[in-house]
**Student:** 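Below you will find the structure I want to go over with you.
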Amino acid sequence: MCGIIGYIGNKSATPLILDGLRKQSYRGYDSSGIIVFEKEKPELVRAVGKLEVLEEKVQKSDFKGTVGLGHSRWATHGEVTEANAHPHADCNNNIFVVHNGIIENFMSLKRQLEEKGHVFHSETDTEVLPHLIEHFFKGDLPKAVRQALLLVKGSYGMAVVARDDPGKIVAARVSSPLVISVNDSGGFVASDPSAIVSHSNKMVFLDDGEVAVLESGTFTVTDLHNIKKEKEITELEWSAEEAQKGGHETFMLKEILEQPESIRNVIRGRLLPKEGAVKLGGLEEVEEKLRGMKRIHIIACGTAFFSAMTGKYMIEEYAGLSCEVDIASEFRYRKPIVSPDTAFLFISQSGETADTLAALREVKRKGGLTLGIVNTVGSSVAREITAGIYNHAGPEIGVASTKAFTSQLVALAMLTVFLARQRSMSLVLGKRIVEEIARLPDLVKQVLGQKEVIAQLAQKYASFSNMLYIGRKYNYPIALEGALKLKEISYVHAEGYGAGEMKHGSIALIDENFPTLAICPSDSVYEKMISNIQEIKARGGSIIAIASVGDKEIANLADDVIYIPKTIEMLTPILSVLPLQLFAYEIGVKRGYDVDKPRNLAKSVTVE
Ligand code: F6R
């Protein structure tokens with residue numbers, strides 16, 4: 001992933017493509033590339049780092065061609081190098097592909113193509129696409145693309161050009177957005193309308209399984225079997241800035257609402273439902289070592305630390321391993337015991353957090369086995385750990401972490417199944433958990449569907465200056481995360497507490513001006529939570545409860561209730577945190593703050 005742009009028409013393609021890349025640069029990228037047909041000869045330029053590096057290289061060449069593609073890459077498979085940057089080509093420098101998404105069966109496709117003599121030059125999953133299309137290509141690019149895609153598993157938003165079938169861009173999508181637009185001067189394809197809305201506001205959004213063929217001034221859309229599709233033209237009334245946010249008011253909201261998709265991405269290709277197991281390719285090289293481990297020690301900062309805390313409950317309950325968690329800034333200055341039977345797991349969205357990195361280096365110095373759950377491929381943490389799991393949540397622009405957090409929790413749930421199935425977890429239980437993980441994208445969507453109800457609730461509570469968040473067991477870290485979200489987005493004082501700890505001090509704060517958010521799904525600690533809620537009610541405090549669908553008792557006790565669907569206890573945090581994200585967001589907006597850039601905070605904390 002990240003940004004795709006293509007142009008075909010009667011204007012010089014290069015400046016239009018560079019402009020399209022610049023407009024998508026807000027999504028984050030680490031390298032970029034462009035292919036332009038200059039007098040039918042393909043001219044490919046790729047660069048690592050800022051777009052300026054690519055621009056400088058391209059300007060030296062002064063291409064005038066009128067067909068081309070561009071891509072800004074945010075690494076998912078393979079390091080950040082020029083060879084891994086898109087576009088990728090076939091063996092004959094005929095077919096060029098830019099791609100967002102993940103080709104799940106790329107390893108087996110690559111093996112088959114190599115047996116047929118194809119030579120690969122990158123570590124990416126994308127490179128199988130031009131080679132597979134080359135395999136079918138007999139002068140008709142759309143046909144070869146359709147034939148190739150019938151063999152591909154995974155997600156893609158992609159655009160393809162061929163020297164030997166000039167005058168066409170072929171674009172296709174499954175689970176990765178792609179939009180086309182045609183005007184008098186030519187046709188555009190992009191992964192984000194913001195890249196092309198300045199040329200025309202008339203867009204055609206491709207749906208999953210569709211293939212579009214753009215020629216100068218016209219386009220057709222079919223399915224993978226070449227059955228023609230009628231497409232609606234949507235007129236966007238977005239400003240360029242709104243377009244970058246996918247029509248949402250803020251990146252934070254966009255990222256909250258993207259969670260069904262980001263969770264689909266973290267689980268894609270990793271669940272083995274029949275075996276009640278998970279396949280974590282990034283851990284394969286340490287699989288045997290993990291079998292012998294007695295302890296897991298998780299280290300992280302901020303929101304990532306709260307996912308670590310949640311992971312502790314998962315790993316201890318199901319994998320039967322003792323699990324310790326540490327805030328990286330504390331861990332690095334104490335004298336941790338690094339023993340050979342302990343695996344050290346570092347969780348970081350950015351992969352650049354200074355304290356997490358220092359803790360990781362300390363463990364490495366002492367010879368410990370280091371693992372990671374990281375969102376940013378090629379980041380320092382990702383490079384320095386021995387083995388790990390990528391989140392594939394996509395770039396997170398809003399400073400407050402939302403979609404990265406839930407994808408960390410899902411990665412931890414999968415890691416738990418992985419470790420547990422190496423040990424004593426039964427096939428039946430493994431199947432049950434894997435089944436529930438697979439349902440998460442739909443369950444998450446159901447919770448996010450209550451956005452308006454939560455907005456009304458936020459209106460009711462927006463004027464309070466203090467709030468308490470309580471939860472137990474799996475939802476204790478979620479109370480901490482909910483309070484953190486409210487603090488950072490709306491600057492309201494919020495305390496997160498383990499509900500059982502409340503009566504050891506903080507209950508003294510409770511009165512009618514100090515509402516409590518109580519996370520109490522129908523789980524093993526439900527009754528205990530009800531007692532805590534009663535204690536708060538008895539002191540005049542009001543209660544907003546996050547409860548499971550069908551819980552009638554809670555409605556009599558709480559002032560307001562937000563319901564979440566039922567799932568197994570271990571996965572409830574992935575649902576219960578969503579209303580808390582939306583609640584904090586709505587209160588921040590109602591108080592008039594810039595929720596994407598809260599004061600005093602940086603997205604990546606690269607200093608101590
Ligand atoms: C809060 C937030 C931070 C980060 C923390 C760690 O919303 O985003 O607390 O979670 O700074 O950052 P990463 O995960 O990049 O190591």
Side-chain angles (χ1 to χ4, degrees), residues 28 30 74 250-256 259 262 266 298-311 325-332 344-361 370-385 388-412 469 477-492 494 496 573 577-578 580-585 587-588 593-608:
D30 47 48
W74 199 74
T250 61
F251 284 112
M252 184 180 175
L253 182 60
K254 175 173 179 276
E255 287 156 10
I256 290 175
Q259 288 175 104
S262 55
V266 69
I298 319 182
I299 297 141
C301 296
T303 288
F305 174 70
F306 299 144
S307 75
M309 284 178 73
T310 318
V325 290
D326 254 297
I327 294 171
S329 53
E330 288 300 315
F331 178 89
R332 65 182 290 195
F344 291 82
L345 172 66
F346 297 85
I347 305 181
S348 176
Q349 187 286 127
S350 64
E352 301 296 348
T353 302
D355 285 318
T356 308
L357 205 48
L360 163 62
R361 289 176 181 158
T370 57
L371 310 174
I373 293 179
V374 181
N375 195 31
T376 311
V377 175
S379 59
S380 304
V381 173
R383 285 198 311 272
E384 295 187 30
I385 49 174
I389 306 169
Y390 278 125
N391 293 122
H392 299 315
E396 197 177 57
I397 314 284
V399 164
S401 192
T402 52
K403 65 174 181 173
F405 178 66
T406 47
S407 75
Q408 285 161 357
L409 295 180
V410 178
L412 282 160
Y469 284 66
I478 300 308
L480 303 184
E481 169 62 4
L484 178 67
K485 282 291 92 94
L486 189 69
K487 278 184 265 204
E488 53 183 348
I489 297 306
S490 65
Y491 318 143
V492 171
V577 76
L578 304 169
L580 306 187
Q581 293 172 345
L582 281 169
F583 186 75
Y585 170 81
I587 292 197
Y593 298 127
D594 178 353
V595 295
D596 282 339
K597 292 195 193 83
R599 69 186 181 206
N600 309 337
L601 293 176
K603 182 66 188 159
S604 189
V605 187
T606 53
V607 288
E608 261 195 78

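Indexing begins at 1, ligand by ligand and atom by atom, following the structure's order. This structure is a prediction, so every number in the text was calculated from the model and none was measured.
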**Student:** Heavy-atom pairs closer than 4.0 Å: do any link ligand 1 to the side chain of Glu352, the backbone, both, or neither?
**Tutor:** neither

**Student:** Please write down residue, atom name and distance for the protein heavy atom closest to atom 12 (O) of ligand 1.
**Tutor:** Thr353 OG1, 3.4 Å

**Student:** If you measure only the distance, is there a donor-acceptor pair under 3.5 Å linking the side chains of Gln581 and Thr402?
**Tutor:** no

**Student:** Indicate yes or no: at least one non-hydrogen side-chain atom of Thr376 is less than 4.5 angstrom from one of Trp74.
**Tutor:** yes

**Student:** Tell me, with the steps shown, if Gln259 and Thr406 meet side-chain hydrogen bond (donor to acceptor under 3.5 Å, both in side chains).
**Tutor:** CA-CA 8 Å; Gln259 288 175 104; Thr406 47; 2.7 Å; yes

**Student:** Could you list which atoms of ligand 1 come closer than 4.0 Å to a heavy atom of Gly302?
**Tutor:** 9 (O)

**Student:** Are any of the side-chain heavy atoms of Thr353 and Val381 separated by less than 4.5 Å?
**Tutor:** no

**Student:** Enumerate the atoms of ligand 1 whose separation from the nearest heavy atom of Glu488 is less than 4.0 angstrom.
**Tutor:** 1 (C), 7 (O)

**Student:** Return the closest protein heavy atom for atom 3 (C) of ligand 1 as residue, atom name and distance.
**Tutor:** Thr303 N, 4.0 Å

**Student:** Counting neighbours of NZ on Lys487 that are heavy atoms of other residues, nucleotides or ligands and sit closer than 6.0 Å, is the number greater than 12?
**Tutor:** yes

**Student:** Starting from atom 6 (C) of ligand 1, what is the nearest protein heavy atom, named by residue and atom, and what distance separates them?
**Tutor:** Cys301 O, 3.3 Å

**Student:** Considering both backbone and side-chain atoms of Ser401, is one of its nitrogen or oxygen atoms within less than 3.5 Å of a nitrogen or oxygen in ligand 1?
**Tutor:** yes

**Student:** So which heavy atom in the protein is nearest atom 15 (O) of ligand 1, and how far is it from that ligand atom?
**Tutor:** Ser350 OG, 2.6 Å

**Student:** Identify, for atom 11 (O) of ligand 1, the protein heavy atom at the shortest distance, and state residue, atom and that distance.
**Tutor:** Val605 CG2, 3.9 Å

**Student:** For Val399, is the nearest heavy atom under 4.0 Å from an atom of ligand 1?
**Tutor:** yes

**Student:** What atoms of ligand 1 come within less than 4.0 Å of a heavy atom belonging to Ala304?
**Tutor:** 10 (O), 14 (O)

**Student:** I'd like to check which ligand 1 atoms, numbered from 1 as shown, lie under 4.0 Å from a non-hydrogen atom of Gln349.
**Tutor:** 13 (P), 14 (O), 15 (O), 16 (O)

**Student:** Do Tyr585 and Thr250 have side-chain N/O donor and acceptor atoms under 3.5 Å apart?
**Tutor:** yes

**Student:** In terms of side-chain heavy atoms, does Glu384 have a donor or acceptor partner in Thr370 at a distance below 3.5 Å?
**Tutor:** no

**Student:** In Å and rounded to the nearest 0.5 Å, what is the CD to OG distance from Glu396 to Ser262?
**Tutor:** 9.0 Å

